[in-house]
Amino acid sequence: MSNRHLIFVGTVGEGIFRSDDGETFVRKSNGMFVECDVRALVAHPENPRVIYAGTNEGLYRTDDAGENWTRLDSPMNDLVIWSLLVDPRRPDTLFAGTRPAHIFRSTDAGRTWSQVGATINQHCNNLIFNRVTTLVSDPFDADTFWAGIELDGVRRSRDRGETWTRCDTGLSSQDIHSLAIAS
C-alpha cells in the first residue's frame with residue numbers, strides 16, 4: 001500500500017528530511033544552512049506544498065513540498081523558533097513562538113510580522129531564556145488561541161492573538177511543553 005502523504009522531519013543539526021513513502025527519508029534542506037536546527041514544522045491547511053519551518057536561523061518556507069526553502073525575513077531572524085501555528089480558518093495568519101519567549105503573528109502568509117501583546121517572563125533560573133513551546137488554535141472558537149510557555153504556564157487569546165491572558169490556575173507545574181484541545 002502506498003502512502004500518499006509526505007512526511008517531514010525536522011532535526012537538530014541536519015535540517016529537514018522528507019519521506020514520500022512513509023518509510024524512507026531523503027534530506028530536503030536546499031536553501032537552509034546545512035546544520036540548521038529545526039524545532040517546528042507546520043503545513044498549510046489548504047495547500048500541502050506549502051510548509052513552514054521554525055529554526056535557530058529564523059523562519060523558512062517552501063512552496064514546492066520541500067524541494068527548495070526560502071528564509072522569510074522577520075523579527076525572529078536572531079531568535080530560535082520553537083513553535084508554529086497556521087490558523088486553520090485563515091491560513092494566511094501564522095503565529096510563531098520563540099526563545100526568548102515571545103509570540104509573533106503574521107496576517108499575510110509570513111511577509112510581515114508583529115509581536116503580540118503577551119506578557120511572558122523572559123528569564124528563567126537555570127535556563128537563562130524560556131521558550132514558547134506550543135501554539136494551538138481552539139477548534140470550537142475561531143477567535144481563540146492557546147500558548148504553552150516553558151516555566152511560565154499557559155496563555156489564552158480570545159481576540160485572534162491581539163491580547164493574551166494567563167490561565168493556568170491549579171497547574172502544579174508551569175513547565176508547559178504541549179497542549180491539546182478535545183471535546
Side-chain angles (χ1 to χ4, degrees), residues 4-11 15-20 28-32 36-77 79-99 101-118 120 131-150 154-164 176-183:
R4 293 196 229 176
H5 303 298
L6 301 177
I7 310 298
F8 290 84
V9 174
T11 69
I16 295 174
F17 288 76
R18 186 183 79 199
S19 176
D20 298 347
K28 294 290 182 178
S29 299
N30 186 39
M32 288 184 175
C36 195
D37 293 352
V38 180
R39 302 283 180 183
L41 289 168
V42 66
H44 190 285
E46 296 172 1
N47 183 351
R49 298 182 60 77
V50 175
I51 310 288
Y52 295 92
T55 78
N56 62 323
E57 302 284 324
L59 183 68
Y60 286 85
R61 175 184 164 135
T62 180
D63 293 313
D64 57 10
E67 294 299 323
N68 299 286
W69 294 85
T70 302
R71 185 172 182 219
L72 301 179
D73 191 39
S74 75
M76 292 99 56
N77 286 353
L79 302 174
V80 180
I81 299 172
W82 276 75
S83 54
L84 290 171
L85 170 67
V86 175
D87 184 338
R89 295 171 193 94
R90 296 179 184 109
D92 282 347
T93 298
L94 294 91
F95 291 89
T98 64
R99 185 200 85 201
H102 300 287
I103 301 172
F104 294 89
R105 180 183 57 200
S106 171
T107 57
D108 57 8
R111 287 184 290 281
T112 61
W113 291 84
S114 60
Q115 187 174 337
V116 299
I120 301 172
R131 307 155 175 91
V132 177
T133 55
T134 185
L135 293 162
V136 295
S137 64
D138 192 313
F140 309 106
D141 182 349
D143 293 333
T144 300
F145 297 95
W146 297 82
I149 295 110
E150 181 180 43
V154 177
R155 303 295 188 281
R156 177 184 60 212
S157 172
R158 290 188 168 165
D159 56 9
R160 308 217 31 83
E162 287 295 320
T163 60
W164 296 76
I176 311 303
H177 283 260
S178 61
L179 294 168
I181 301 171
S183 62

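One is the number of the first residue; the rest follow in order along the sequence.
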Exercise for review: Could you check Ile51 against Trp69 for side-chain contact (heavy atoms from CB on, under 4.5 Å), going step by step and ending with a plain yes or no?
Suggested key: CA-CA 9 Å; Ile51 310 288; Trp69 294 85; 3.8 Å; yes
Point to revise | Residues in salt bridge (charged side-chain N to carboxylate O under 4.0 Å, His left out) contact with Glu67, at least two apart in sequence or another chain | key: Arg18, Lys28
Practice item. List for me each residue that meets salt bridge (charged side-chain N to carboxylate O under 4.0 Å, His left out) alongside Arg71, sequence neighbours excluded, and say none if there are none. Key: none
Counterpart residues, side chain to side chain contact (heavy atoms under 4.5 Å, CB included), relative to [X] (two or more places apart):
X: Ser137; value: Leu85, Pro88, Phe145
X: Thr107; value: Thr93, Arg105
X: Thr11; value: Val9, Glu14, Phe17
X: Ala147; value: Ile103, Val132, Leu135, Ile149, Arg155, Trp164

Please give me the minimum heavy-atom distance between [X] and [Y], naming the atom from each residue.
X: Leu84; Y: Ala96; value: CD2-CB, 3.8 Å
X: Phe95; Y: Gly161; value: CE2-CA, 3.9 Å
X: Pro139; Y: Ile181; value: CD-CG2, 3.6 Å
X: Leu179; Y: Val136; value: O-CG1, 3.7 Å

Review point. For Phe8 and Val38, what are the C-alpha separation, side-chain angles and deciding distance, and is it a side-chain contact (heavy atoms from CB on, under 4.5 Å)?
Key: CA-CA 11 Å; Phe8 290 84; Val38 180; over 6 Å; no
Review point. Run the side-chain contact (heavy atoms from CB on, under 4.5 Å) check on Ile16 and Ser29 step by step: do they pass?
Key: CA-CA 5 Å; Ile16 295 174; Ser29 299; 3.9 Å; yes
Using 0.5 Å steps for rounding, measure from the [atom1] atom of [X] to the [atom2] atom of [Y].
X: Arg39; Y: Ile81; atom1: CZ; atom2: CD1; value: 12.0 Å
X: Glu162; Y: Ser114; atom1: CD; atom2: OG; value: 7.5 Å
X: Thr133; Y: Glu150; atom1: OG1; atom2: CD; value: 6.5 Å

Exercise for review: Indicate yes or no: at least one non-hydrogen side-chain atom of Phe104 is less than 4.5 angstrom from one of Pro75.
Suggested key: yes
Run the side-chain hydrogen bond (donor to acceptor under 3.5 Å, both in side chains) test against [X] and tell me which residues pass, sequence neighbours left out.
X: Asp108; result: Ser106, Thr112
X: Thr144; result: Asp141
X: Asp159; result: Ser157, Thr163
X: His44; result: none

Revision key, fill the gap. Residues 48-62 vs side chain to side chain donor-acceptor pair (under 3.5 Å), sequence neighbours excluded, gives Tyr52-Arg61, Arg61-Asp63, Thr62-Asp64
Practice item. Using the salt bridge (charged side-chain N to carboxylate O under 4.0 Å, His left out) rule, collect all pairs that involve residues 80-99, keeping only residues at least two apart or in two chains. Key: Asp87-Arg160
